[in-house]
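Just so it is clear, the values below take in all heavy atoms, side chains as well, and ignore hydrogens, waters and symmetry mates. Both ligands and their constituent atoms are indexed starting at 1 by order of listing.
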Amino acid sequence: MTDTQGTNETIFNKIIRKEIPADIVYEDDLCLAFKDINPQAPIHILLIPKKPIVKLSDADESDSNLLGHLMCVVGVITCQLRIQDAFRLVVNNGADAGQTVFHLHLHILSGRDFSWPPG
Ligand code: 5GP
């Protein structure tokens with residue numbers, strides 16, 4: 001998903017730049033969270049870094065603070081939505097693991113029962 005300029009342009013970049021609409025629930029300098037367009041649970045939020053990391057396994061040591069920040073923001077969002085005691089956090093890493101948008105994103109899912117192991 002890398003173009004000839006070596007950048008990773010995805011639909012999520014357009015959402016970050018507000019070129020296409022999204023139902024945003026949280027934003028700061030480093031990340032953005034918005035409702036998934038095709039929710040898999042009553043609450044389904046996508047949390048993305050503004051830095052276009054393609055997938056989690058592409059992050060390196062220089063991204064440590066950013067990745068930690070995302071985890072802290074999960075706490076903020078889940079408290080805001082009053083789901084802090086019952087949510088599932090999912091990262092699909094790579095096409096074979098179900099990743100369809102190649103800009104790192106965390107799925108925050110809540111509002112229904114979740115089975116284990118996951119499908
Ligand atoms: P993945 O399958 O890559 O882990 O998850 C990508 C997610 O992005 C999917 O759950 C899909 O519904 C969501 N998605 C794809 N395009 C859009 C969009 O334009 N807007 C929003 N809000 N979600 C999207």
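Taking each heavy atom of His103 and Pro49 in turn, the nearest pair found is NE2-O, 2.7 Å. A pairwise comparison of heavy atoms in Val25 and Gln80 identifies O-NE2, 2.9 Å as the closest pair.
A heavy-atom separation below 4.0 Å is not found between Ala22 and ligand 1. Ligand 1 does not have Lys14 within reach: every non-hydrogen atom of the residue lies 4.0 Å or more from it. Look at Phe12 and you'll find a heavy atom under 4.0 Å from some atom of ligand 1. Within the 4.0 Å heavy-atom cutoff, Gln40 does not count among the residues contacting ligand 1.
Here the protein heavy atom with the shortest distance to atom 9 (C) of ligand 1 is Asp36 OD2, 3.3 Å.
Residue contacts with ligand 1: His105 is placed with a nitrogen or oxygen under 3.5 Å of a nitrogen or oxygen of the ligand (distance criterion only). Residue Val101 has at least one N or O atom closer than 3.5 Å to an N or O atom of ligand 1.
The heavy atom nearest to atom 23 (N) of ligand 1, out of those in Ile20, Asp23, Leu106, Ile37, is found in Ile37.
Ring-centre distance between Phe34 and Phe12: below the 6.0 Å cut-off.
Salt-bridge check for Lys50 with Asp28: failed, with every basic side-chain N at 4.0 Å or more from each acidic carboxylate O.
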